[in-house]
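Each remark here refers to the structure printed beneath this line.
In this chain, residues are counted from 1 in sequence order. Atom set for the values below is all heavy atoms of this structure, side chains included, hydrogens, waters and symmetry mates excluded. Since the model is a prediction, treat every value here as computed from it, not as a measurement.
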Amino acid sequence: MFNVGADWDVTDTFRVSGDLRFTDDYFSNDINEIDYRVGSYYIANVRMSYKPTENYEIFAFANNIFDNRAPIQKSFDRMANKPSASIIAPREIGIGMKVNF
């Protein structure tokens with residue numbers, strides 16, 4: 001796994017941040033069966049924030065900006081009697097506000 005991130009204070013009140021995580025191939029089970037091998041994947045996230053006062057912040061973010069839908073774990077579902085997988089959460093975009101009292 002490799003992670004890299006950066007924050008840039010554009011002004012005293014405006015900040016841009018981003019990060020990228022890369023995960024190489026791995027096996028989801030203890031005996032390294034090829035059917036349960038998870039391929040490499042990456043996730044990129046960005047965030048912008050505006051903080052006009054010490055107690056007030058408005059922000060916007062995008063997680064998994066390239067909408068990568070790779071599996072992150074593979075297993076055998078005994079109830080369905082077939083393989084199953086968990087995948088990366090889909091792209092998420094949002095805005096918010098934080099107020100400190």
*If you look at every heavy atom in E54 and N100, which pair is closest and at what distance?*
O-ND2, 4.1 Å
*So, D7 and S17: side-chain donor and acceptor under 3.5 Å apart, yes or no?*
yes
_Main-chain N/O of R15 paired with D9 side-chain donor or acceptor, under 3.5 Å_ = no
*Hey, what do you get for NZ (K74) to OG (S28), rounding to the nearest 0.5 Å?*
7.5 Å
*Atom CE of M97 and atom OH of Y56: how far apart are they, to the nearest 0.5 Å?*
5.0 Å
_Using 0.5 Å steps for rounding, measure from the CE atom of M48 to the CZ atom of F59._
12.0 Å
*Any donor-acceptor pair under 3.5 Å linking the side chain of N68 with the backbone of I43?*
no
*What distance do Y41 atom OH and I87 atom CD1 have between them, rounded to the nearest 0.5 Å?*
12.0 Å
*State whether the side chain of Y26 and the backbone N or O of I72 hold a donor-acceptor pair below 3.5 Å, judged by distance alone.*
yes
*Determine yes or no for a side-chain-to-main-chain donor-acceptor pair under 3.5 angstrom, with R21 supplying the side chain and Y42 the backbone.*
no
*Would you give the length of the straight line joining atom CD of Q73 to atom OG of S84, rounded to the nearest 0.5 angstrom?*
8.0 Å
_Give me the atom names and distance for the closest heavy-atom approach of I93 to A62._
CG1-CB, 4.1 Å
*Is the shortest side-chain N to carboxylate O distance from D25 to R37 below 4.0 Å?*
yes
*Roughly how far, to the nearest 0.5 Å, is the CZ atom of F2 from the CG atom of L20?*
8.0 Å
*asked:* Hydrophobic clustering (ILVMFWY, side-chain heavy atoms < 4.5 Å, transitive) - are W8 and F14 grouped together?
replied: yes
*If only atom types and distance count, is the side chain of D19 paired as donor or acceptor with the main-chain N or O of V4 below 3.5 Å?*
no
*Determine the minimum heavy-atom distance between I95 and F61, stating which atoms define it.*
N-CE2, 4.2 Å
*Identify the two heavy atoms, one from S75 and one from Y36, that lie closest to each other, and give their separation to 0.1 Å.*
C-CE2, 3.5 Å
_Whether K82 side chain and D77 backbone form a donor-acceptor pair below 3.5 Å_ = no
